[in-house]
Asks: 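Structure incoming, see below.
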Amino acid sequence: MVRPNDEVEALLQEYADLIAITGGEAFKARAYEKAARAIGGYPADVSHLDAAGLKEIPGVGTSIAEKVVEYLRTGHVTVVDERRARIPAGVRQLITIPTLGPKKAMALYENLHISSVNELADAITAEKLRDLRGFGEKTEENILHGIALMRQSRGRILLSTAMEAAEDVVAELSRIPGCEHCAYAGSLRRMKETVGDIDVLVAARRSAPFMDALTELPSTAEVIVHGGKKTSVRTAEGVQVDLRVVRPDAWGAGMQYFTGSKAHNIRTRTIAVHLGLKLSEYGLFDADGGERVASRSEDEVYARLGLPWIPPTLREDRGEIEAGLRGELPRVVTERDIRGDLHTHTDLTDGLTPLEEMVAAAAGRGYAYYAVTDHAPNLYMQRMTDEKILAQRERVRSLDGRHHGMRLLHGTELNIGPGGEVDWPDAFLQGFDLCVAAVHSHFNVGRRAMTRRLVRACENPRVNVIGHPTTRLLGKRPGVDADLDEVFAACARTGTALEINAQPDRLDLGDEDILRAKDHGARFAVDTDAHSIPQLAYLRYGVGTAQRGWLTPDDVINTWPLRRLRRFLRKDRTD
DNA sequence: TTTCAATCGAAAATTAAACCTGCGTTTAA
């Protein structure tokens, strides 16, 4: 479901960008940015609020509340439209390129009339940029690098974006009479970190009502194809949705086929051939007589192939077929197995929500324990002090166990400095129940230095979790260059967990690295790094990624009972 | 533009690295 809050957040962020590009009103831009974030992270639905209710949200005053009301009522905000008319959308696109901010984007537009990423790439090739004041060779290089990364991920969208759009479509289509099943399939069901397009499958006798309904959904911006077998549309956010309607008795075969992956399906089809069968999206058939032997459910199809049902997150032909044939498929970790979140923030640093509210929301999710891990002083922008974190500890202790017995852990997110050092001296760190440590800057220290840096952090007896280990940002920044095998081995050796950060633009570690780390015997923590209440629900993306890495509950420390977790957090120390 | 404290107006999130240019601007965490 695309939350109205997210829509408003996007609108205010766009306005903030436009103000920043036009220049001269830095505080105004910052105010809109802050309000955008606050609304995105606000737990209640803003579309149910009036101006007075909106002003309750911190960072939202008279002026912004008015604009939000205008947007919710009319779908437009006059002043935003005015700015849009002055600055082409392509110029705003430019500032999504890393190292290219609002000032440079405006300079490019004013001096060279560049208003799209493609035009920018051409201008660099034509060596037009270097004559511009403030631009040089290195800037050109950085911009080109940013554009290349962008193009690599072009057309692919974040898992969370796809999931929200897909759940919307599935909910709408499920309501139509005659719908026996409706679900999304494809790489989305396999929980890949990015998704090309969304495949939705319906089981029904007649296809037309569903095909028509898809083209008429409010979220549909453009109809690409519209037929009886397949309909494709594009949503306002540019996501392509493909819909197929299958006969109810072919539901299982359809889901199996459209879930993929291609490599997995090649294997299942080969197995079918060896058994004298033929597998297609319509069912599993006898190769000779042509009669259908299985198709109603995935379970039935897999069973007839001599396989157990295989979780979609494993269907990548990475050994799941062999494991299934041997009866040794892993019992992958699920959201229900997670007993607590070990990396979260509050408004003491860059979170949006006060401690008490985050804790109450966590308890509402049924957690047995929950860690609060605000930033430490070395991330200067957060202005953390010893006094502040100790005062927070008192508040955490007083809330401990107050929500149906949920236990609270007081932690912190340390910054791993260029040489692997962290914020506080050992004596001070001793006071925390757990420490997450992560790299936040100095990404280009070189492979050897980066490896040493991460290994040193693991060797710190107070560091329990390496947060977002590669620090990648999907489509924006590659992971750091380090010998990850060495880091994973150090994690296993020292009893330091690797985080699977569930923020949709991170999903860090990613599936392939998880598989390698597991081989080294490392443990993992699936955490949300939540900065607001809605972000606590990102957990599902972290769990999906963990499944893609074949992790079982035993591999994931925050599925463990608190006693076992505490033992792990001691890292064999005796104090 | 918001917030806070005062009733109109001032202050607001810091630091460092990178880059371009020759000391200052831009970006990003």
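So that the names make sense, note that chain A is the first sequence line, chain B the second, and so on, each numbered from 1.
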Asks: Inspect the contact between A:R84 and A:E14 and indicate whether a charged nitrogen and a carboxylate oxygen are less than 4.0 angstrom apart.
Replies: yes
Asks: The side chain of A:K138 is closest to which nucleotide in this list: B:dA29, B:dT21, B:dC19?
Replies: B:dC19
Asks: Base, sugar-phosphate alone, or nothing: which one does A:E137 contact when heavy atoms must sit under 4.0 Å apart?
Replies: sugar-phosphate
Asks: Are A:L12 and A:V60 side-chain neighbours, meaning at least one heavy-atom pair lies under 4.5 Å?
Replies: no
Asks: Students often get this wrong, so: under 4.0 angstrom with heavy atoms, is A:K104 touching a base, only sugar-phosphate, or nothing?
Replies: sugar-phosphate
Asks: Under 4.0 Å: is that the gap between some side-chain N or O of A:T139 and OP1 or OP2 of B:dC20?
Replies: yes
Asks: Heavy atom of residues 53-64 of chain A under 4.0 Å from DNA chain B: which residues?
Replies: A:P58, A:G59, A:V60, A:G61, A:T62, A:S63, A:I64
Asks: Rounding to an integer number of Å, can you tell me how far A:L352 CG sits from B:dA13 C1'?
Replies: 15 Å
Asks: Which whole-number value in Å describes the distance from A:M384 CE to B:dA13 P?
Replies: 16 Å
Asks: Closest nucleotide of DNA chain B for A:F135 versus for A:F443: which of these residues is on the 5' side?
Replies: A:F135
Asks: Rounded to whole angstroms, how far apart are CG on A:L379 and C1' on B:dA13?
Replies: 12 Å
Asks: Say we look at B:dT27 and B:dC20: how far apart would their P atoms be, to the nearest angstrom?
Replies: 12 Å
Asks: For the side chain of A:H440, counting heavy atoms from C-beta on, which of B:dT1, B:dA29, B:dT26 is nearest?
Replies: B:dA29
Asks: Just to confirm, is there a sub-4.0 Å distance from OP1 or OP2 of B:dC19 to any side-chain nitrogen or oxygen of A:N142?
Replies: yes
Asks: Please classify the nucleic acid contact of A:R130 as base, sugar-phosphate, or nothing, using heavy-atom distances under 4.0 Å.
Replies: nothing
Asks: What is the separation between atom CG on A:L132 and atom P on B:dT26, rounded to the nearest whole Å?
Replies: 12 Å
Asks: Side chain of A:H442 only, please: which of B:dA29, B:dC20, B:dA17 is the nearest?
Replies: B:dA17
Asks: Hey, can you tell me if A:F428 and A:W424 have their rings parallel, tilted or perpendicular (30° and 60° cut-offs)?
Replies: tilted
Asks: Distance-only check: which donor-acceptor pairs under 3.5 Å involve side-chain atoms of residues 43-51 of chain A, not counting sequence neighbours?
Replies:
| unit_1 | atom_1 | unit_2 | atom_2 | d |
| --- | --- | --- | --- | --- |
| A:D45 | OD1 | A:S47 | N | 2.8 |
| A:D45 | OD1 | A:S47 | OG | 2.7 |
| A:D45 | OD2 | A:S47 | OG | 3.3 |
| A:D50 | OD1 | A:A52 | N | 3.4 |
| A:D50 | OD1 | A:G53 | N | 2.8 |

Asks: A:F568 ring centre to A:R523 NZ or CZ under 6.0 Å, with the angle to the axis within 45°?
Replies: no
Asks: Could you tell me how far B:dA11 sits from B:dT26 if I compare only their C1' atoms? Round to whole Å.
Replies: 23 Å
Asks: Would you mind checking if A:R453 and A:E421 are paired as a salt bridge, meaning a charged N to carboxylate O distance below 4.0 Å?
Replies: no
Asks: For A:R30 and A:P98, take the nucleotide of DNA chain B holding the closest heavy atom to each; which residue's nucleotide lies nearer the 5' end?
Replies: A:R30
Asks: If the threshold is 4.0 Å, N to carboxylate O, is there a salt bridge linking A:D433 and A:R397?
Replies: yes
